[in-house]
Asks: 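Got a structure here, written out as structure tokens. Questions coming.
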Amino acid sequence: MAFISIQFIVFFLIVAVLYYAVPHRFRWALLLGSGMVFYGSSAPWYLLLLAAVTVIAYGGGIVLERQGGEKLPVKKVVLAAAIILLLGILGGFKYLNFFNSVISDVAALAGLNYPSRVLNFILPIGISFYIFQAIAYLIEVYRGAFHAERHFGIFALYQSFFPQILAGPIPRPGALLPQFREKHELDFESITEGLTRMAWGFFKKAVIADRAAIIVNAVFDHPHDYSGIYLILASVLFSIQIYCDFSGYSDIAIGAGRVLGFRLMENFRRPYLSRSMTEFWRRWHISLSTWFRDYLYIPLGGNRVKPARRQFNLFVTFLLSGMWHGAGWNFIAWGALHGFLVVAGIWTARVRDVAARVSGLSRLPALHGKIKQAITFLFAAFAWIFFRANSLEDALYIAGNLGSGVGSLIVNLVTGNRAAVRAATDISRNGLTLGFAKESYNPEMIILAVSLLVLWTVDAVEEHYGDAPLLRTKPAAVRLAVYYLLICGILFFGMFTSQQFIYFRF
Amino acid sequence: MARFFLKGAALILLIALTGTAIIAFPGAYLHELAAVINKRDMLVSRKPPRLVFMGGSNLLPLNGPALERELNMPVVNMGLYANMPLEDFFDDMAGYLTSGDIVVIVMEYQKLFSEGSNRLDETERIRVEQFMSLLSPGKYALRCIRRGTPFDIGRIWVSLIQLKLKALIKFGTDGKLNVALKPGVPRYDDLFDANGDSKYSFLVLRPLKGVGVIYNSPGPESSERLKHMIEEGKKWGFRVLFSYPPIPESSYNLNRQQIGELERILKKDLPSALINAPADHCYPDGLFADTVNHLQAGGEKIRSRKLAEELKSRIMADKRGGE
């Protein structure tokens, strides 16, 4: 069931009404059933996999707790076995074909015959998310930070809570599990807050992300047909698309949770306003980056080790984060690039400080901050090329040709050579202009530009005022006007295509 | 709780009113199929008795002025798009037709061979229905409810609003607001002549789209839909005739058996409505433009001339019969 569909709206309304109508003691069962319907509607057999993961994590948690508070070798073995089992499931579905092809390539290089067969199975939606959620639970129980959940139904609900099962936010057990036992009273302020958050998510997805996707797809699917200026445009637009797509999904998930009285983990904090790549990762996909920090980077030694080792740990963490996203060299390259950029940020910190002092930028903190934001955005946008490209070859081609034709275009613009500019910017392909029908290209671009301005304004206001619910303090007429404009914006300018959320693939 | 629901209802009402106002406000829809509105207006503006052509895009390049000269009656070309359900379109237009009018149906072969409008995929069905609903909104709203898809009313409503707003943005920013405020497709007069014929020829592309396709055997529905139109015509007092569409020789030869079968069925079921035989409108592949339905300008000249002769002899024969 897609979030942006009439089916989901009807489903959600029914669940929300029933949730507040049934007594508290039955609510977990209602939410569990809803999660099953929601997740099973994609493909019923997904439920078997979810059940297997749930049973492993549930049983593993209880066995771990029975070992007592000490981190005994047996306890370690139990934890390792459960994690290996869970990662085995993930690996089987997600990485088997990739590793198989890698072995085949290596064998071919060595002159050996390795008959690589592609196994045709579908990657179940959300598998990477709920397996990481299960691992987080096991580690927390192992560390003694959280008691193993004894109620199987509540634990199954933790694994299958429908607002976040498909693409997170990946919750921590301590933050989510106790909420299933709390009695949530009907609170219209929370409901309004949740619905507004959902509407904002719909706006980001339907109005911005899916519109940008048309241009991005047109260019990234045929990069050789486009000159540098369009490769840059598509790369920048993909940065916006993925932000609006994923943070839009997170807004819908968090908002849906809020309507039901739950507080889910924040997943994004205006990442493109970051002033360094390290800060970017504190603001982007927070539930995953903190997962890697808590369960990989810190166990590897975190900040307590020597600088060289710390930088190595950082790099490895990002590399594995890239692999988590997808089984492909381009995802590995994307992770490695981010690892490098974060480590390079550490290496160049002093040089940059000196440069800021010498240039006088340090005396202009606002301007300095904006320059840092712009550079961080450009680095992130460049790295996204590897994430979006259909193959590593395509990514390298795009990265290597970002400047192609840009110089001559500038010269022609400056010299007023209109014919040359027109020839360079004539990008019609099969009657389409950057993926849009010629007639609708201008209005689509205008709608995109205006909606980006709205997004930027909202992000800037939120950045200025923090995460406090600003709208709640405004007069009723202002709130009503905002809701009205938001819903009209979604309905009248949304692209109601079959474009799924990008992170559903992971 | 009451206040919350009251505010919610007020908000929904306000949004519904805004959308309805946008639809009701005269203006263009940024889509070529919005030409149904212009074509309907053209039909209304021409004095009866008229010769009205209905069918898909095979009719777009028709030579209306030549037919007018030959037959000495106003020609109205309502042809637009094969996937538009012709029976519905016909029913919507029937109210504008009067005694003495002659309607000539020229349906593409794909539609004659039981590939009716009900076989369209969902996106295409909504795309087509949104423009059809501009002609009779109530009928389509009822249809959505009857077939158990009431949400389609909302989808169609939203889609039409979007197309209208896009036209407004496009021409408003170009400083041509008058284009956006004219009902139908933007710049209809640049696209179609006074008869409703397209001013542009189809692009010539090879291979022809649809060439090599083998049609299904014709079923009873092939003639049922045409029979319905003839009956409706009788009810409203106008005549309905049927012409076979143009077909490339290669497709004709490939489907000779199925086309022969279709001809037998139609001859049996609608003997007085047929004005020609399939072979009469079979042309060399080289005369076609981009698909098996679209003739190039040269081919269309021949087809229109043949149609004029066929209609002329039919009208003369009918007159003689009447006397």
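Just so we're clear, the structure is a prediction, and the values are computed from it rather than from any experiment.
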Asks: Hey, which residues of residues 8-22 of chain A are touching chain B, say heavy atoms under 4.5 Å apart?
Replies: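 Within residues 8-22 of chain A, the residues under 4.5 Å from chain B are A:Val10.
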Asks: Should the pair B:Glu129-B:Arg147 be classified as a salt bridge under the 4.0 Å nitrogen-to-oxygen rule?
Replies: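 Salt bridge present between B:Glu129 and B:Arg147.
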Asks: Answer yes or no on whether A:Lys204 is positioned over the face of A:Tyr243, meaning its NZ or CZ is under 6.0 Å from the six-membered ring centre and within 45° of the axis.
Replies: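 The answer is yes; both the distance and angle limits are met.
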Asks: Are A:Glu444 and B:Lys166 close enough for a salt bridge, meaning some N to O gap below 4.0 Å?
Replies: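 Result for this pair is yes, salt bridge flagged.
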Asks: For B:Leu203, is it the side chain, the backbone, both, or neither that has a heavy atom closer than 4.5 Å to a heavy atom of chain A?
Replies: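 Looking at B:Leu203, nothing touches chain A.
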Asks: Determine, step by step, whether B:Asp152 and B:Arg125 satisfy the salt bridge (Lys or Arg N to Asp or Glu O under 4.0 Å) criterion, reporting the C-alpha distance in whole Å, the side-chain angles of both residues, the deciding distance to 0.1 Å, and the verdict.
Replies: CA-CA 10 Å; B:Asp152 281 355; B:Arg125 183 171 54 76; 3.3 Å; yes
Asks: Specify which of A:Ser440, A:Ala437, A:Pro443 makes the most heavy-atom pairs with chain B at under 4.5 Å.
Replies: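 Heavy-atom pairs under 4.5 Å are most numerous for A:Pro443.
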Asks: Assert yes or no for the condition that the ring centre distance of B:Phe288 to B:His294 is strictly below 6.0 Å.
Replies: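 Ring-ring flag for B:Phe288/B:His294: false, centres at least 6.0 Å apart.
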Asks: Quick one: do B:Asp92 and B:Lys139 make a salt bridge, cutoff under 4.0 Å?
Replies: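 So B:Asp92 pairs with B:Lys139 through a salt bridge.
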Asks: Going by an N to O cut-off under 4.0 Å, is there a salt bridge joining B:Glu108 and B:Lys111?
Replies: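 Answer for the salt bridge query: no.
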Asks: Hey, does the side chain of B:Asp197 reach the backbone of B:Phe192 with a donor-acceptor pair shorter than 3.5 angstrom?
Replies: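 No: the side chain of B:Asp197 does not pair with the backbone of B:Phe192.
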Asks: Measuring heavy-atom distances to chain A, does B:Ile15 have an atom under 4.5 Å in its side chain, in its backbone, in both, or in neither?
Replies: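 Contact with chain A: backbone and side chain both.
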Asks: Is it the side chain or the backbone of B:Arg3 that comes within 4.5 Å of chain A heavy atoms, both, or neither?
Replies: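 Contact with chain A involves no heavy atom of B:Arg3 at all.
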Asks: So which part of A:Ile6 gets closer than 4.5 Å to some heavy atom of chain B, the side chain, the backbone, both or neither?
Replies: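 The side chain, not the backbone.
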Asks: Need one label for A:Leu491: side chain, backbone, both or neither, based on atoms under 4.5 Å from any heavy atom in chain B.
Replies: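 Contact with chain B: backbone and side chain both.
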Asks: Do A:Arg258 and A:Asp187 sit within salt-bridge range, that is, some charged N less than 4.0 Å from a carboxylate O?
Replies: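 No, no charged N to carboxylate O under 4.0 Å.
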Asks: Does any heavy atom of chain A fall under 4.5 Å from the side chain of B:Leu165, the backbone, both, or neither of them?
Replies: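 Side chain only.
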